[in-house]
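See below for the structure under consideration.
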Number of protein chains: 2
Amino acid sequence: MKDKQAIFCNDKSHHMERFLEVCLLLLLYDEIGYGYGLIEQLVNFGFSPEDLNVSTLYRTLRKMEGEGLVTSLWEESDQGPKRRVYEITLEGKENLDQWIKILKMRKSKIENLIVQYDKKIVDTTSDLSD
Amino acid sequence: MKDKQAIFCNDKSHHMERFLEVCLLLLLYDEIGYGYGLIEQLVNFGFSPEDLNVSTLYRTLRKMEGEGLVTSLWEESDQGPKRRVYEITLEGKENLDQWIKILKMRKSKIENLIVQYDKKIVDTTSDLSD
DNA sequence: AATCACTATATACATAATGTATATAGTAGG
DNA sequence: CCTACTATATACATTATGTATATAGTGATT
């Protein structure tokens, strides 16, 4: 039997659908970026370098290019091999705007759930009054 | 070429990992419930009866039973066939508490992203000042 | 008792998002 | 040439979810 509690210990399993993609669109909104470099910037969105999956990042960027949200080209680096640098497209910017709306809905759904949880748990546990 | 905007029109594709499961745990927290009946109650969590997937609901309940979060038994109905009625377990309640913490983290990550989006978009679009 | 509408549950198949592990390759320094 | 580092890519597996369909009991109607 697997340890059920264990899944709450590693933060990796607590992803939100496409959240990484939205963060990348926002990072690329006003400046270009490449895979490895974006990893460091993602810290500002709650991703820790350990739990951030390099494979997932690269795969996501390629997928976004396939969808026309970003374009890419190879650029020389002053240290190390060439980098595939991504630039956001107009479609990518529009896509980001849509995602922000979705995230606002998600947020309000979560807020509503938490309110209902607090209400119910208080009602249940305040039998202290006995 | 598929219409990229289309995915934003149908609300079905905007799920949040395991959100349904958490809602079910909360609904079952203080009273038992069965599949069909729970569907109506889920409206309070932002699920519309149309976009709520009956298969997903039943499958989720069975999975939760397999994980020991709920138990079930068959109960007679005053109208229609028997119902499989679910009851939350202690483990299920503990699990819910953990999920609430995760949802609070999700919420703050989303809030942070929205703040950064607003900041960046204002900076970009306020070139009106020219 | 046959049919039908309704309630209720379950499962097979497919897809999407993500994680794990590994492969490939250029660069710079010794 | 060997090694450490930077950088990108891909194969395979798992998880969560959607779509479609199957199964079956109940009660009313014919």
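To find a chain, count down the sequence lines: A is the first, B the second, and so on, and within it residues start at 1. Quantities reported herein were computed from a predicted structural model and do not represent experimental measurements.
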Could you list the protein-to-nucleotides 28-30 of chain D atom pairs, N/O on both sides, closer than 3.5 Å?
none

With the criterion being N/O to N/O and under 3.5 Å, what pairs connect the protein with nucleotides 23-30 of chain C, and how long is each?
none

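Between A:Val54 and B:Arg59, the residue anchored closer to the 5' end of DNA chain D is A:Val54, taking for each the nucleotide with the nearest heavy atom. Take the nearest nucleotide of DNA chain C for B:Tyr36 and for A:Asn53: the residue whose nucleotide is more 5' is B:Tyr36.
D:dT17 atom C1' lies 12 Å from atom CG of B:Leu52, rounded to whole Å. Computed from coordinates, the A:Ile39 CD1 to D:dT8 C1' distance equals 10 Å when rounded to whole Å.
Taking the side chain as every heavy atom from C-beta outward, B:Thr60 and B:Leu24 approach each other to under 4.5 Å.
For D:dA7, one of the phosphate oxygens OP1 or OP2 lies less than 4.0 angstrom from a side-chain nitrogen or oxygen of A:Tyr34. Between B:Arg83 and the phosphate of C:dA8, there is a side-chain N or O to OP1/OP2 separation shorter than 4.0 Å. For A:Arg62 and D:dA9, the shortest distance from a side-chain N or O to OP1 or OP2 is below 4.0 Å. Side-chain nitrogen and oxygen atoms of A:Arg18 include at least one within less than 4.0 Å of the OP1 or OP2 phosphate oxygen of C:dA17. A close approach under 4.0 Å does not occur between any side-chain nitrogen or oxygen of B:Ser55 and OP1 or OP2 of D:dG18. The phosphate of C:dT18 (OP1 or OP2) has no side-chain N or O of A:Thr56 nearer than 4.0 angstrom.
Because its NZ or CZ atom is both nearer than 6.0 Å to the ring centre of A:Tyr29 and within 45° of the ring axis, A:Lys93 counts as a cation-pi partner of that residue.
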Could you go through residues 35-42 of chain B and list every donor-acceptor pair under 3.5 Å that involves a side-chain atom there, pairing it with any protein atom two or more places apart or in another chain?
none

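Applying the salt bridge (Lys or Arg N to Asp or Glu O under 4.0 Å) rule to A:Glu65 yields the partners A:Arg62; only residues at least two apart in sequence or on another chain are considered. Contacts of B:Ile32 classified as side-chain contact (heavy atoms from CB on, under 4.5 Å), with partners at least two apart in sequence or in another chain: B:Glu75, B:Val85, B:Glu87. For A:Lys63, the side-chain hydrogen bond (donor to acceptor under 3.5 Å, both in side chains) partners two or more places apart in sequence, or in a different chain, are A:Glu21.
Looking at the side chain of B:Tyr58, the nearest of the listed nucleotides C:dG19, C:dA10, D:dG18 is C:dA10.
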